[in-house]
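Just so it is clear, the structure is predicted and the values come from calculations on it, not from any experiment. Just so it is clear: chains get the letters A, B, ... in the order the sequence lines come, proteins before strands, and each one is counted from 1.
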2 protein chains.
Amino acid sequence: MKQNSMPAGTAPGRNHFPPLNPVERETIQLFVQLARVLGQRPSFAEIYGLLFVSPRPLPQDDFIKRLNLSKGSASQGISYLLELGAVRTVAVDDRRVHYEAVAELRNLASRFLRQQVLANFEDSGARLDRIAAEAKKLSASEAEFALNRVKMLKSWSKNTRRILPVLLALLGSRNGK
Amino acid sequence: MKQNSMPAGTAPGRNHFPPLNPVERETIQLFVQLARVLGQRPSFAEIYGLLFVSPRPLPQDDFIKRLNLSKGSASQGISYLLELGAVRTVAVDDRRVHYEAVAELRNLASRFLRQQVLANFEDSGARLDRIAAEAKKLSASEAEFALNRVKMLKSWSKNTRRILPVLLALLGSRNGK
DNA sequence: TATTTATCTCAAAATAAATTGAACCTACCA
DNA sequence: TGGTAGGTTCAATTTATTTTGAGATAAATA
């Protein structure tokens with residue numbers, strides 16, 4: 001079989017967007033499902049999933065065409081994933097920016113925990129102090145109970161912070177070693 | 001000041017639903033915020049929050065009136081929280097069922113992780129096998145890459161399962177002991 | 001410099017999730 | 001044995017989130 005015009009049989013070429021094969025479809029679904037548990041948008045998960053199964057970096061065009069996404073979703077999704085550190089840009093001889101998945105669990109989990117989870121716990125300390133202050137204005141027995149609850153919440157928060165580094169260390173180590 | 005008709009000055013009485021005080025409001029808000037991170041409904045978090053700050057068990061009436069909830073939300077919320085083990089019923093000399101918060105972090109976290117998080121990972125194993133099977137039908141180089149990705153996902157899932165028991169043990173221990 | 005191509009922004013539309021409340025059970029009690 | 005308080009269920013509504021797409025911007029190309 002002769003090749004014509006297209007540079008090489010294996011290179012997909014600029015305007016070649018084949019439909020998703022079963023491996024791609026299922027992998028993307030896997031990430032969409034995971035995303036749901038973690039409170040992430042399905043369209044963003046699709047993008048990450050496609051990049052994750054792709055042997056080569058992809059430009060935005062690719063997810064727009066192959067995932068049927070709008071330009072807006074693709075752009076928002078990519079910038080979110082970059083910000084999260086789940087995706088990186090790759091230099092390619094093309095005007096378009098190409099992206100690839102960052103596939104190290106340690107990196108992903110660590111950034112996710114820090115940016116999405118921990119960030120939301122940060123300001124709880126201030127709130128707890130406010131609650132304690134208000135609690136002192138209550139009647140003696142009510143104050144006692146409330147202050148006890150605050151103490152409990154503070155210990156929860158301490159416990160949680162204590163655990164994170166351990167968690168990250170465990171995620172980083174390979175295969176239980 | 002004389003008491004009349006009401007049994008005792010300190011007992012809230014059947015139809016007494018004072019508005020939330022600042023301690024209650026702030027505590028409830030704390031749980032609502034936490035719930036958002038964990039993907040839980042705000043109305044359910046409100047119920048848990050109110051029970052958490054209440055020195056005595058409360059019947060459904062209480063959250064309906066004091067939190068401005070519909071009967072439906074209260075009922076759904078309570079049954080969800082019971083199912084999750086975040087709330088328990090308390091025997092009280094009253095036809096109405098009274099509830100109190102289960103406030104041990106270890107219990108809460110363990111049940112939450114198991115029911116909400118782990119349950120969603122369970123069936124990913126089957127999907128990974130399907131992906132591997134499909135991958136073998138691809139061209140040699142594509143198959144190699146895809147199978148490698150599957151291997152990676154399997155190791156993620158293994159890592160995650162390995163970590164859970166450690167996590168729970170850490171959450172259960174007090175104050176870093 | 002004009003034109004084309006890639007990407008971004010954000011208000012509007014579409015979709016999904018949470019909440020309500022009417023209808024319906026089921027004990028209890030008068 | 002009929003009335004009522006407490007509780008549940010679920011379709012309809014409300015509210016929140018996600019996605020879209022019509023411009024705007026900017027960089028590369030002609």
Side-chain angles (χ1 to χ4, degrees), chain A residues 13-17 28 31-51 57-84 87-99 116 120, chain B residues 13-17 28 31-51 57-84 87-99 116 120:
Chain A
R14 197 173 181 92
N15 297 309
H16 190 232
F17 303 108
I28 289 166
F31 281 104
V32 168
Q33 185 186 333
L34 182 63
R36 162 171 278 269
V37 181
L38 301 176
Q40 305 299 305
R41 300 194 191 174
S43 68
F44 296 3
E46 287 185 11
I47 296 172
Y48 183 80
L50 180 57
L51 291 175
L58 304 178
Q60 278 196 207
D61 265 24
D62 246 83
F63 9 112
I64 292 172
K65 298 277 168 44
R66 305 188 66 212
L67 298 171
N68 277 303
L69 286 182
S70 64
K71 285 199 299 172
S73 279
S75 173
Q76 287 172 214
I78 260 304
S79 77
Y80 176 85
L81 291 169
L82 282 171
E83 167 76 18
L84 185 67
V87 147
R88 68 169 75 89
T89 60
V90 177
V92 152
D93 183 20
D94 187 333
R95 180 167 159 191
R96 298 170 300 174
V97 182
H98 284 57
Y99 305 91
Q116 312 289 305
N120 280 285
Chain B
R14 198 178 179 88
N15 295 310
H16 190 233
F17 303 108
I28 289 166
F31 281 104
V32 169
Q33 185 187 333
L34 182 63
R36 164 170 276 269
V37 181
L38 301 177
Q40 305 299 304
R41 300 193 192 176
S43 68
F44 296 3
E46 288 185 10
I47 296 172
Y48 183 82
L50 181 56
L51 291 175
L58 304 177
Q60 279 197 207
D61 266 22
D62 247 82
F63 10 111
I64 292 172
K65 297 278 168 48
R66 304 189 68 210
L67 299 171
N68 277 305
L69 287 181
S70 65
K71 281 206 300 175
S73 280
S75 173
Q76 286 172 213
I78 261 303
S79 78
Y80 175 83
L81 291 168
L82 282 171
E83 167 76 18
L84 186 66
V87 146
R88 69 168 75 88
T89 59
V90 177
V92 152
D93 182 19
D94 187 335
R95 182 168 158 192
R96 299 171 299 175
V97 182
H98 284 58
Y99 305 91
Q116 311 289 304
N120 280 285

In this structure, how many angstroms lie between the [atom2] atom of [N] and the [atom1] atom of [X], rounded?
{"X": "Arg41(B)", "N": "dT17(D)", "atom1": "CZ", "atom2": "P", "result": "14 Å"}
{"X": "Asp94(A)", "N": "dT5(C)", "atom1": "CG", "atom2": "C1'", "result": "11 Å"}
{"X": "Ile47(A)", "N": "dT19(D)", "atom1": "CD1", "atom2": "C1'", "result": "11 Å"}
{"X": "Ile64(A)", "N": "dT5(C)", "atom1": "CD1", "atom2": "C1'", "result": "12 Å"}
{"X": "Phe63(B)", "N": "dT19(C)", "atom1": "CZ", "atom2": "C1'", "result": "16 Å"}
{"X": "Leu58(B)", "N": "dG6(D)", "atom1": "CG", "atom2": "P", "result": "15 Å"}
{"X": "Leu69(B)", "N": "dG7(D)", "atom1": "CG", "atom2": "P", "result": "14 Å"}
{"X": "Tyr80(A)", "N": "dT18(D)", "atom1": "OH", "atom2": "P", "result": "10 Å"}

[options]: which one has an atom nearest the side-chain heavy atoms of [X]?
{"X": "Arg95(A)", "options": "dA27(D), dT19(C), dA16(D)", "answer": "dA27(D)"}
{"X": "Lys71(A)", "options": "dG23(D), dT19(D), dT5(C)", "answer": "dG23(D)"}
{"X": "Ser70(B)", "options": "dT20(C), dT7(C), dT17(D)", "answer": "dT20(C)"}
{"X": "Arg36(B)", "options": "dT20(C), dT17(D), dT18(D)", "answer": "dT17(D)"}

- Distance below 4.0 Å between Gln60(A) side-chain N/O and dC8(C) OP1 or OP2: yes
- Query: Do Tyr99(B) and Ile47(B) have side chains that get closer than 4.5 Å, going by heavy atoms?
  - Reply: no
- Task: Tell me which of Ala74(A) and Gly72(B) sits closer to the 5' end of DNA chain C, going by the nucleotide each one is nearest to.
- Result: Ala74(A)
When we call it a touch if two heavy atoms are under 4.0 Å apart, what does [X] touch: a base, just sugar-phosphate, or nothing?
{"X": "Pro42(B)", "answer": "sugar-phosphate"}
{"X": "Ser75(A)", "answer": "base"}
{"X": "Gln76(A)", "answer": "base"}
{"X": "Ser43(B)", "answer": "sugar-phosphate"}

Could you pull out the closest heavy-atom pair between [X] and [Y], with the gap in Å?
{"X": "Ala45(A)", "Y": "Val32(A)", "result": "CB-CA, 3.8 Å"}
{"X": "Gln60(A)", "Y": "Lys71(A)", "result": "NE2-O, 4.5 Å"}
{"X": "Leu82(A)", "Y": "Arg88(A)", "result": "CD2-CA, 4.0 Å"}

- Mutual orientation of the aromatic rings belonging to Tyr80(A) and Phe44(A) [parallel < 30°, tilted 30-60°, perpendicular > 60°]: tilted
